A.B. asks: 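Take this structure, written in structure tokens, and hold onto it; I'll ask about it next.
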Amino acid sequence: MTFTSVNPHNPADLIGEWDQAGRDGADAAVGRALKAALVWRDTPGAARAQALNSAAAAVELRASELTDLVVREVGKPVTEARGEVARGVAILRYYAQAALLPDGETLPATDPDQLLMARHVPVGVAALLTPWNFPVAIPLWKAAPSLAYGNAALLKPSSAAAATALLLSEIIGPLLPADVFQVVLGGAQTARALIDNTSVAAVSFTGSSEVGRDVSARAAARGCRVQAEMGGQNPSVVLGDADLDRAATAIAYAAMGYAGQKCTATSRVIVADAVYCDFRDRLTVAVQALGVVDPADARTLVGPVIDAGARASALEAVAASGGRVLIGGHPLDAPGFYLAPTVVELDSPAGPLATREVFAPVAALIRADSADHAISIANAVRYGLVAAVFTSDLGHALRLTRRLEAGMIKVNAPTSGVDFNAPFGGCKESSYGPREQGQAARGFYTESRTVLIAP
Ligand code: UN1
């Protein structure tokens with residue numbers, strides 16, 4: 001069976017058509033990866049570091065080709081796409097260095113003449129199930145640590161980003177031993193084949209909560225280590241003492257940048273009563289200033305949503321919100337899957353825009369009586385990925401960081417945007433399993449061996 005990927009800015013532009021690997025293809029790839037992993041695990045850290053550094057240089061050399069394909073395949077505005085490719089290069093260099101860091105620790109043994117140590121060894125074959133919205137950065141922030149710590153990696157990208165994954169593997173594959181990094185194309189059936197294969201030792205997933213729950217349960221049922229980064233319903237809280245212009249600019253971008261198609265996007269804007277009307281006006285002005293059409297244009301910050309279904313379900317959520325549409329709320333008259341950036345004022349934090357992940361350029365505006373009220377609204381969802389607070393009182397902000405239920409908290413900054421050298425993941429239904437990125441990735445892609453040597 002085949003599948004296709006199309007340009008969301010111009011749906012007549014077919015990016016490609018490919019065969020799904022299916023169960024047979026997935027199992028064959030796992031078999032090859034298992035053999036490759038045996039060689040790679042014994043390759044010195046310095047050689048793994050060198051391979052990842054070469055991969056970084058190769059991606060850098062072909063950055064503009066990769067950027068253009070990201071713009072064309074997933075409709076990401078070119079400035080962000082360029083930044084994402086640069087982030088991919090930096091991630092490869094960061095984990096190249098990590099391959100040379102200490103691989104364990106020594107501990108005092110009961111007998112001081114004995115050597116007691118705990119070393120991190122690779123787990124073997126890792127399956128990486130990735131979404132379309134960061135088609136370079138997410139595959140690389142999973143593959144780079146997986147490879148750095150001595151594992152073989154199988155990348156199963158979203159069908160909507162298949163061409164970008166193939167170009168990535170064309171660029172970095174030849175710099176690694178054969179089959180250490182492979183791309184396996186297909187949909188849910190192919191993903192399940194990878195998860196079910198007992199030779200796969202680790203599954204790392206990023207995507208929706210619904211799929212992530214299924215992935216986690218399947219992997220856990222056979223005792224396979226699994227991490228899942230899933231949805232968000234991220235709040236930005238604007239307190240009475242905030243710099244309102246700065247907050248409006250940051251939140252407009254966090255909510256609408258790349259058409260809100262980030263698990264870190266702002267979905268709810270919770271504003272203190274004292275500045276509510278003032279802030280509402282500034283936010284709508286800031287949103288209206290964003291360029292929307294044509295992701296290849298450097299002035300565009302929004303762009304299209306990924307497909308017609310995504311646009312239809314966002315519009316349904318707006319219609320069912322029970323709020324007042326301040327701006328947007330309609331498709332744009334363009335061939336692509338465009339939706340006007342939409343801000344909806346809600347009288348209470350209920351309905352789909354305040355509770356579900358909408359994954360579109362849509363934000364709900366909610367009024368809070370006090371800072372405490374704002375925090376309780378912020379926490380009243382099933383998700384807990386990112387939260388932002390805008391205030392000029394940093395002491396207050398620091399106290400609030402302990403009460404906000406989110407894996408990442410931003411003060412006076414957009415909810416979107418993550419640092420690859422810091423742990424990333426959420427609370428509640430946003431994540432399952434250990435954190436990814438930064439040094440946290442080592443815990444996932446290796447397992448500890450406690451060794452006692454009695455000479
Ligand atoms: C970012 O905000 O820069 O799928 C990254 C996602 C997240 C990544 C967000 N896992 O949107």
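Numbering of residues begins at 1 and proceeds along the displayed sequence. Just so it is clear, the structure is predicted and the values come from calculations on it, not from any experiment. Below, all heavy atoms of this structure are taken into account, side chains as well, without hydrogens, waters or symmetry copies. Order of appearance sets the numbers: ligands from 1, and atoms from 1 within every ligand.
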A.B. asks: How long is the span from the CG atom in Leu385 to the CD1 atom in Ile409, to the nearest 0.5 Å?
C.D. replies: 11.0 Å
A.B. asks: Report yes if some N/O of Ser416 lies less than 3.5 Å from some N/O of ligand 1; otherwise report no.
C.D. replies: no
A.B. asks: Looking only at protein heavy atoms, which one is nearest to atom 8 (C) of ligand 1, and what is the separation?
C.D. replies: Trp141 CH2, 3.6 Å
A.B. asks: Of all the heavy atoms in Arg87, does at least one lie under 4.0 Å from an atom in ligand 1?
C.D. replies: yes
A.B. asks: Taking distance alone, with N or O pairs closer than 3.5 Å, would you say Phe134 contacts ligand 1?
C.D. replies: no
A.B. asks: When you check the gap from the basic side-chain N to the acidic O, do Arg72 and Asp13 get nearer than 4.0 Å?
C.D. replies: yes
A.B. asks: Counting each atom of ligand 1 from 1 as listed, which ones have a heavy atom of Phe424 under 4.0 Å away?
C.D. replies: 10 (N)
A.B. asks: I'd like to check which ligand 1 atoms, numbered from 1 as shown, lie under 4.0 Å from a non-hydrogen atom of Lys262.
C.D. replies: 11 (O)
A.B. asks: Show me which atoms of ligand 1 lie under 4.0 Å from any heavy atom of Ile138.
C.D. replies: 4 (O), 10 (N)
A.B. asks: Indicate the ring-plane relationship of Phe359 and Trp132, choosing parallel, tilted or perpendicular according to the 30° and 60° boundaries.
C.D. replies: perpendicular
A.B. asks: More than 12 foreign heavy atoms under 6.0 Å from CZ of Arg299: is that the case here?
C.D. replies: no
A.B. asks: Determine, for Arg213 against Glu429, whether the closest basic-nitrogen to carboxylate-oxygen distance falls under 4.0 angstrom.
C.D. replies: yes
A.B. asks: Just which atoms of ligand 1 are under 4.0 Å from any heavy atom in Thr264?
C.D. replies: 1 (C), 2 (O), 9 (C)
A.B. asks: Answer yes or no: is there an ion pair linking Glu65 with Arg62, defined by an N-O contact shorter than 4.0 Å?
C.D. replies: yes
A.B. asks: Quick check on Trp132 - does any of its heavy atoms sit under 4.0 Å from an atom of ligand 1?
C.D. replies: no
A.B. asks: As an exercise, identify every atom of ligand 1 less than 4.0 angstrom from a heavy atom of Thr206.
C.D. replies: 4 (O), 10 (N)
A.B. asks: Give me the nearest non-hydrogen protein atom to atom 11 (O) of ligand 1 as residue plus atom name, then the distance to 0.1 Å.
C.D. replies: Cys263 N, 2.6 Å
A.B. asks: How are the rings of Trp18 and Phe3 set to each other: parallel, tilted or perpendicular (split at 30° and 60°)?
C.D. replies: tilted
A.B. asks: Taking the six-membered ring of Tyr276 (Phe, Tyr or Trp), confirm whether the NZ or CZ of Arg367 is under 6.0 Å from its centre and within 45° of its axis.
C.D. replies: yes
